[in-house]
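Report on the following structure.
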Amino acid sequence: MTRVLVNGEARELDQPVPAAALRALGLDPGRAGVALALNGTVLPRGQWHTAELHDGDEVEILTAVQGG
Amino acid sequence: MTRVLVNGEARELDQPVPAAALRALGLDPGRAGVALALNGTVLPRGQWHTAELHDGDEVEILTAVQGG
Amino acid sequence: MTRVLVNGEARELDQPVPAAALRALGLDPGRAGVALALNGTVLPRGQWHTAELHDGDEVEILTAVQGG
Amino acid sequence: MTRVLVNGEARELDQPVPAAALRALGLDPGRAGVALALNGTVLPRGQWHTAELHDGDEVEILTAVQGG
Amino acid sequence: MSATEQATARGDAFVIAGVTLRSRLIMGSGGAASLDALEQALRASGADLATVAMRRVDPAARGSVLDVLERAGCRVLPNTAGCHTARDAVLTARLAREALGTDWVKLEVIGDDRTLLPDPVELLDAAEQLVDDGFTVLAYTNDDPVLAKRLERVGCAAVMPLGSPIGSGAGIRNPYNLRIIVEAAEVPIVLDAGIGTASDAALAMELGCDGVLLASAVTRARDPARMALAMRHAVEAGRLAGGAGRIPKRLYAEASSPFEGMAEYPGAP
Amino acid sequence: MSATEQATARGDAFVIAGVTLRSRLIMGSGGAASLDALEQALRASGADLATVAMRRVDPAARGSVLDVLERAGCRVLPNTAGCHTARDAVLTARLAREALGTDWVKLEVIGDDRTLLPDPVELLDAAEQLVDDGFTVLAYTNDDPVLAKRLERVGCAAVMPLGSPIGSGAGIRNPYNLRIIVEAAEVPIVLDAGIGTASDAALAMELGCDGVLLASAVTRARDPARMALAMRHAVEAGRLAGGAGRIPKRLYAEASSPFEGMAEYPGAP
Amino acid sequence: MSATEQATARGDAFVIAGVTLRSRLIMGSGGAASLDALEQALRASGADLATVAMRRVDPAARGSVLDVLERAGCRVLPNTAGCHTARDAVLTARLAREALGTDWVKLEVIGDDRTLLPDPVELLDAAEQLVDDGFTVLAYTNDDPVLAKRLERVGCAAVMPLGSPIGSGAGIRNPYNLRIIVEAAEVPIVLDAGIGTASDAALAMELGCDGVLLASAVTRARDPARMALAMRHAVEAGRLAGGAGRIPKRLYAEASSPFEGMAEYPGAP
Amino acid sequence: MSATEQATARGDAFVIAGVTLRSRLIMGSGGAASLDALEQALRASGADLATVAMRRVDPAARGSVLDVLERAGCRVLPNTAGCHTARDAVLTARLAREALGTDWVKLEVIGDDRTLLPDPVELLDAAEQLVDDGFTVLAYTNDDPVLAKRLERVGCAAVMPLGSPIGSGAGIRNPYNLRIIVEAAEVPIVLDAGIGTASDAALAMELGCDGVLLASAVTRARDPARMALAMRHAVEAGRLAGGAGRIPKRLYAEASSPFEGMAEYPGAP
């Protein structure tokens, strides 16, 4: 298990990849309209299944909401 | 000849009736959109051929123009 | 007794003169800074001991107060 | 002779020191209320007789005027 | 369905003396460079009521403002512009009724030639006489709430306070007085005089006026038809906004994006 | 032909970074009570560009603001609302580009939470970084003409000064600064923030702004769709009026009825 | 020599009906929490004229406003506050003359209790009657230039237009009307009613008013004596500034430091 | 005891960087027709601090502004007027310190020659450098509350926002921003630039400014000494009024004469 922060909450991921972080929130990693930052840097969608996560990593998964 | 003021100008009328004042200006007394005051009182169109004018009478013949 | 209205209140005066109306309010008729209207007309001070009041007369006694 | 710019004008100084630049303008180097920059840096009054000027140096001599 | 049609469908009719007007913009016809320019401006404005002045007939005049109004679909509203006394205004109104077959009149009684402000005493006197004589009186007045109420009480069909002097283009100099007039009114209030540009007209409607009457702002603009169209939109905008329940004014901000859900990026300074 | 179509036909297109927008009204999507209310307001507004904020995904959320924008025919304009540093704003913009497939961004870098006014130094820094990174930057800024010009110079596609603080509804507090910004601008100027009612929007356009961006004025009004329609008319009104050559403002009157031809009635006192 | 003395020495006297007043600030005496507070405020104001109202004598009342005015060096100016008809105002003025031995009167004829605005018809009628009866009439009026001129013509010694409703503290809502009134006036114009703070009073004087009359702004302030002193300075400031030939207003800047003689430092980027 | 003495006695001192100034009016010395005119204006103003600019020495110049300041009892406050970069402003400040023996400086860094508005980035940079170098920095700035707070945070001794562009005489274009700046400030706020007349200066003080700095309004008035005296009164008036607890602004009236005790005259219609 990899222990990371996903949107500010501690999560244990079954796989050390970003896609697992999405699934941990109940989201389909293929879902459109979502972006992901790993430790303060944008991680393009193409790397969501390949980038390696480590314990303590901070993952932010954002989408568009009403605003502005 | 009857000498009257029509719209501020001295005119000699061939007939002592309001209709003659209109004709003096080159206007058809049957023309719509025109009203006439005799000595400061409205004279209805029905009296334009019958009312009697006297020397010194003041006739005002008005119509609508751009304004306001 | 003469029954009059003094400043809107019914009063019985012992004498039928304006001075009595002032006394009825506890005021010295010689007091400065006061004016009196009898039935809607100013009554000069010189007549306060001589003018005759009748039942139903309306007396207003005014003075200066803070205002404006 | 040392050729410098004093307040934007070419001057030939008889001595290669800032005090000579003041004198070239007809000013007493002891005069109060004046400051001097040499090549864009403030030169304290204490060095006006000792600092060495070279050809092409730019001297600005400022004082207070009405303003602001 | 256009905005105007929608507004009407909402039961938002503009009624003066029992007559429903489609447009809340009333046009003055003065100041146009030509009858052609006037006609284009009237058409662009969408107005269905327009003022005319009564003047000595000019036998040499070509074209008629009345024909222009008819082609543009506007009822005629004669005014008493230029009159300085109740007597002259009443006589002028009667001549207009005789000439034009309408008992509607925009009553003006001027008290000063430099400001063209109304004389309150003469105005009230004329209004009372004309109402008694059966006229439907739309009274041009200053922005005094007391005079506005007195005009209403003598029976004016509409009270038409100014924003600023006729033709000044200075907009609404005292919106507070307008607000006070509107709050107390039991007849339609039409902002008459002073409009310079579209935002002035929108503001008048937002303040609660039932309509706007303007002339110079359109007829003397560089492009009268374009300004007329601007005014049409502006009156509609102001009417809609005035009834939409605007947000309050605040000194400070009120965020429009949510605070919740902000990301927190590591390593921030 | 609608007024908007007429305006466009006149070559009066609203172009940002090479993209022609049909409407000069840009909507913010924040503050609406529901997505339904938002959709109705967007449709009534006629806008074809609307902002969204970027926030942590909420798995429980139902409905998507993006679907609403699509149904209403609006392109999406992500913002960086809530960011206080250039760094956070740049990262947020990049995430938005990744998520939404657009390189347009409404750049906000806030310097104070009470006023939500921008921090000029961070804003300029972020703008420069984003332009270098290929973004089309529409920069929300205060009404400082110097900062506006510097934002233009670093390559912002549009500069968007405020009228007053976000959500304050206080209108345009300093129209002179706006005028100065507009006179010097070589990119589109969009009034962003502070609009409270229709006349504010009309005024912004009359001052020469190329467009208006607003959210709270519509979404938090009692009747958002009605206010949206009001704003649509107001922006059109202001645009038309601004180009129609308004009459000058005067202290005194300028008669709109002719002096010539006044009747003279005998017996006047 | 104080500023006031200097001003007077310059031939800048404030004269109403032949009486020279030392101060251009006239005080109303209403609204003070106590006669003591009133006295302190009057002293701090420097006023030498103050209004009183006429009311039914209250036998239980302690202290007299007349004594306070005398101690503070103020002449008494009775008003007709509360009167709604010419008849009542004329009677009240006559009672005041009888009671106080002065033929000066501040004429008020109210047309509406919510705004306390004057009724123009009744006001003019009362003014004419009182002038005929030998009174020195200082007429409280609205800001209508036509009514102001008519009041002057019937013989009022001073015309006193409002800035905004009595006690509203809203300042001068229509400075343009005041300017117009002042430009045409041939008797002293005193701004009466609406002043809220010192800058309002200064502005009134800058607009050309000859004096300012106020009450609530001072008597209902948290610190009446301090506000009275503020008003004294403000009236003096406005009077001086109004006569000093102010600079014009510009959209852009006009440097106050010279361009000539700027240093040029080498190596600038 | 003068009003100023009273104010000081109340513990109402005006202190910048530990120095107590007697007057809250700071004068700029630019724009006067002659040194004589300047001296009279400075004396009339009562100021004890006045700015000067630093320029290339002119050997032909007669008289010295420094002598004038000394005779008028004013400390000298050199400015950096005309500088467009932090570098030039810092160098100018250092030259002023060397020439005048003061570490006080009015910091100006201009971003645009037409408006003379400050460049926020360069200004902040210069302020930080000068504070680090031991200067007492009074920073001329725009009316942006965020920039004002940042200037305070880098250690400016006073923050001096403008009312409107230098020399424009346009007064305070955005009083809301000033209010926001004042509410958040922990150093003295001095309104600097834009004052046109006395009521502007009074308003600045009422908004809570600690002082006012002006030049053109006095030096370019037709009668500089008279305007200087006006400004002295105005600053005092505004300061007193700002602390006196003004009455609130209302839409409607609030009677200042009592309702109780009104006479009722018989026979009223």
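Nothing here was measured: the structure is a model prediction, and the numbers come from that model. Side chains are part of it too, since the values below use all heavy atoms of this structure and drop only hydrogens, waters and symmetry mates. Throughout, a chain's letter reflects where its sequence line sits, starting with A, and its residues are numbered from 1.
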[X] side, atom [atom1]; [Y] side, atom [atom2] - distance, nearest 0.5 Å:
X	Y	atom1	atom2	value
G/Ser256	H/Leu116	OG	CG	8.0 Å
G/Arg226	H/Arg239	CZ	CZ	7.0 Å
G/Thr197	H/Glu206	OG1	CD	3.0 Å
G/Leu207	H/Ser199	CG	OG	8.0 Å
G/Tyr265	H/Cys83	OH	SG	5.5 Å

Quick check on [X] against chain G: is it the side chain, the backbone, both or neither that has a heavy atom closer than 4.5 Å?
X	answer
H/Ile110	neither
H/Thr92	both
H/Leu214	neither
H/Pro258	both

Exercise. Sort by residue number and list every member of residues 51-64 of chain H having a non-hydrogen atom under 4.5 Å from chain G.
Key: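 Under the 4.5 Å heavy-atom cut-off, H/Ala53, H/Arg55, H/Arg56 qualify.
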Could you check which of [options] has the highest count of heavy-atom pairs closer than 4.5 Å to chain H?
options	value
G/Gly167, G/Gly238, G/Ala244	G/Ala244
G/Arg222, G/Met231, G/Met205, G/Glu260	G/Arg222
G/Gly82, G/Gly31, G/Ala201	G/Gly82

Quiz item: Can you list every salt bridge (charged side-chain N to carboxylate O under 4.0 Å, His left out) pair that touches residues 241-252 of chain H, not counting sequence neighbours?
Solution: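 Counting only pairs at least two positions apart or across chains, the salt bridge (charged side-chain N to carboxylate O under 4.0 Å, His left out) contacts touching residues 241-252 of chain H are H/Arg250-H/Glu254.
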Largest heavy-atom contact set with chain G, pairs under 4.5 Å, which of [options]:
options	value
H/Ile166, H/Leu203, H/Leu117, H/Asn79	H/Ile166
H/Ala241, H/Gly242, H/Pro224	H/Ala241
H/Ala228, H/Ala170, H/Gly245, H/Ala81	H/Gly245
H/Gly171, H/Ala202, H/Ala221	H/Ala221
H/Ala230, H/Ala255, H/Pro165, H/Gly30	H/Ala230
H/Ala215, H/Gly28, H/Gly196	H/Gly196

Practice problem: May I ask you to decide if G/Ile247's main-chain N or O and H/Arg220's side chain share a donor-acceptor pair within less than 3.5 Å? | Solution: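 Looks like no, no N/O pair under 3.5 Å.
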Practice problem: State, yes or no, whether a side-chain contact exists between G/Met227 and H/Leu240 at a heavy-atom distance under 4.5 Å. | Solution: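 Contact flag for G/Met227/H/Leu240 side chains = no.
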